[in-house]
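Reading through the structure tokens given below for one structure.
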Amino acid sequence: GDTLGKLGLATLGVQALAGALRGLSGALGIQAASALNETINKVNVVFGESADALLKWANTSAKAFGMSKQQALDTASTYGAMALAAGVGGDAAVKFGKDLVGAAADLGSFWNFDPAQVAADIRSGLAGESEPLRKYNIFLTEAAVKAQALKMGLIGSNGELSEENKVLARQAYIMEHLGPAAGDYARTQTGLANSTRTLRANFKNLQAVLGAKVVPALAKVVSGINTFINRIQRLQSKGLSPMQAILKAIRIQLYQTFGRGVLISSMRFRTPLSGDSISPRTPSVRSPTRLASGSRSWAGRSATASKFRR
């Protein structure tokens, strides 16, 4: 019962630490910084040598679209990946993504929808779902898409329209049928609704900047916690009880941090501090002071015995 109680307390401690880290991440902007870093990696993969142009463009996304840098890059790269799948790459893929980000901002502003929702609806439209775009008076029917493709010269000599070219035709159709929503974000930029969107986006950007200073340090902390938990699991796999594994993992961590002289006399389960592979039955490592004292005592007894032999 006592062991289970200690184990419960240890589990609660780990959970409390994880909760504290999550709260700290949000407060210090670490989550925002981490999300931005992941999105920049995505942009570099999708756009390759053309990524720099998109990264520079995103620096003004808060004012231009009411989107944080991370949101604008993430949305543009999602569209860009669809362009790549349709055979469009490089600067053309960048333009493909940027144009649709602007469309999402304008439609959200004019129809009073969250730009993130509009962006998701546009993505659905590119994939062939016409229903999500109807609320913005964009009727992406099969006949409309085929007519657009014919105008763009995307229909093959056999009269067939490939799935890749359908994506290009849908994008062009959406851009041409924004109607009165086209340019609405810029027109109403100083209004309360769009000013509030810009403010939220600027705050997100600020969080990412501040969080970037803390991310490296927190990454080390999280890595250390993961290592500690993995060590407990390895020790359990070698036959130790959960409580024994936790105590030994703590002792190993203290040894690695402070050196061999660290002893935890209050621990009921004493084990060496040299690593995971040592048997739990091995006697505890003695401190350097006690070892030196034992050596002097042994030397004294040896000298006395020599006198009698003489």
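All figures in this text were calculated on a predicted structure; none of them were measured in a lab.
A chain of hydrophobic side-chain contacts below 4.5 Å, direct or via other Ile, Leu, Val, Met, Phe, Trp or Tyr residues, connects L140 to F113. M175 and W111 end up in the same hydrophobic cluster when Ile, Leu, Val, Met, Phe, Trp and Tyr side chains are linked at under 4.5 Å. In the hydrophobic clustering of this structure, L36 does not group with I30; members are Ile, Leu, Val, Met, Phe, Trp, Tyr whose side-chain heavy atoms approach within less than 4.5 Å, directly or through other members. In the hydrophobic cluster analysis, where Ile, Leu, Val, Met, Phe, Trp and Tyr join through side-chain heavy atoms closer than 4.5 angstrom, L154 is grouped together with V88. If you chain together hydrophobic residues whose side chains sit under 4.5 Å apart, V45 and F47 never meet in one group.
K204 is linked by a salt bridge (Lys or Arg N to Asp or Glu O under 4.0 Å) to nothing, counting only residues two or more places apart in sequence or in another chain. For K42, the side-chain hydrogen bond (donor to acceptor under 3.5 Å, both in side chains) partners two or more places apart in sequence, or in a different chain, are D74, T78. For N137, there are no side-chain hydrogen bond (donor to acceptor under 3.5 Å, both in side chains) partners two or more places apart in sequence or in a different chain. Residues satisfying the side-chain hydrogen bond (donor to acceptor under 3.5 Å, both in side chains) test with R123, not counting sequence neighbours, are none. D106 meets the side-chain hydrogen bond (donor to acceptor under 3.5 Å, both in side chains) test with no other residue; sequence neighbours excluded. Remark: K63 pairs with no residue by the salt bridge (Lys or Arg N to Asp or Glu O under 4.0 Å) rule, at least two apart or across chains. With sequence neighbours excluded, no residue forms a salt bridge (Lys or Arg N to Asp or Glu O under 4.0 Å) with K146. By the salt bridge (Lys or Arg N to Asp or Glu O under 4.0 Å) test, D99 is found to be paired with K95, residues two or more places apart in sequence or in another chain being considered.
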Run the side-chain donor-acceptor check on residues 52-59: report pairs under 3.5 Å with partners two or more places apart or on a different chain.
unit_1, atom_1, unit_2, atom_2, d
N59, OD1, K69, NZ, 3.0

Output a table of donor-acceptor pairs, distance under 3.5 Å, between side-chain atoms of residues 125-134 and any protein atom two or more places apart or on a different chain; print 'none' if there are none.
unit_1, atom_1, unit_2, atom_2, d
E131, OE1, R134, NE, 3.4

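Q236 and P242 make their closest contact through NE2-CG, 3.5 Å (heavy atoms, listed as atom of the first residue, atom of the second, distance). Here the shortest heavy-atom pairing between A86 and L168 reads CB-CD2, 4.0 Å. Here the closest heavy-atom approach between residue R187 and residue A182 is recorded as NH1-O, 2.7 Å. Among all heavy-atom pairs drawn from R197 and S109, the shortest one is NH1-CA, 4.0 Å. For the pair V43 and S77, the tightest heavy-atom approach, listed with the atom from each and the gap, is CG2-CB, 4.1 Å. Nearest heavy-atom pair across G80 and V46 is C-CG1, 3.8 Å.
Atoms CG and CG, from L100 and L107 in turn, are 10.0 Å apart once rounded to the nearest 0.5 Å. To the nearest 0.5 angstrom, I122 atom CD1 is 9.5 Å from T75 atom OG1. Remark: K98 NZ to S61 OG distance equals 12.0 Å, nearest 0.5 Å. Interatomic distance, CZ of R234 versus OG1 of T227, reported as 8.0 Å (0.5 Å rounding). One finds the CG atom of L210 at 4.5 Å from the CG atom of L206 (value rounded to the nearest 0.5 Å). Distance check, rounded to the nearest 0.5 Å: CG of L240 to CD1 of I246 gives 11.0 Å.
No donor-acceptor pair under 3.5 Å is formed between the side chain of Y79 and the backbone N or O of V101. Under a 3.5 Å cut-off, the side chain of S195 and the backbone N or O of G191 do form a donor-acceptor pair. Under the 3.5 Å distance criterion, the side-chain polar atoms of Q244 are matched with a main-chain donor or acceptor of S241. Under the 3.5 Å distance criterion, the side-chain polar atoms of T198 are matched with a main-chain donor or acceptor of A62. No donor-acceptor distance shorter than 3.5 angstrom exists from the side chain of N194 to the backbone of T190, with no hydrogens or angles considered.
Under the salt bridge (Lys or Arg N to Asp or Glu O under 4.0 Å) criterion, the residue pairs touching residues 170-180 are K151-E176, with sequence neighbours excluded. Judged as a salt bridge (Lys or Arg N to Asp or Glu O under 4.0 Å), the pairs with a partner in residues 155-168 (not counting sequence neighbours) are, in order, E163-K166.
In this structure, F96 and V167 have side chains that are in contact, with non-hydrogen atoms separated by less than 4.5 Å.
In this structure, Y136 has its ring center at least 6.0 angstrom away from the ring center of F110.
No hydrogens or angles considered: nothing links the side chains of N205 and S68 as a donor-acceptor pair under 3.5 Å. Under the 3.5 Å distance criterion, with hydrogens and angles disregarded, no donor-acceptor pair is assigned to the side chains of Y173 and T141.
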From CA spacing to verdict: side-chain contact (heavy atoms from CB on, under 4.5 Å), L178, I138: CA-CA 7 Å; L178 297 177; I138 299 175; 4.3 Å; yes

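Heavy-atom neighbours of N226 CG from other residues, nucleotides or ligands within 6.0 Å: above the threshold of 12. The neighbour count for F203 CZ, taken as heavy atoms of other residues, nucleotides or ligands under 6.0 Å away, does not exceed 12.
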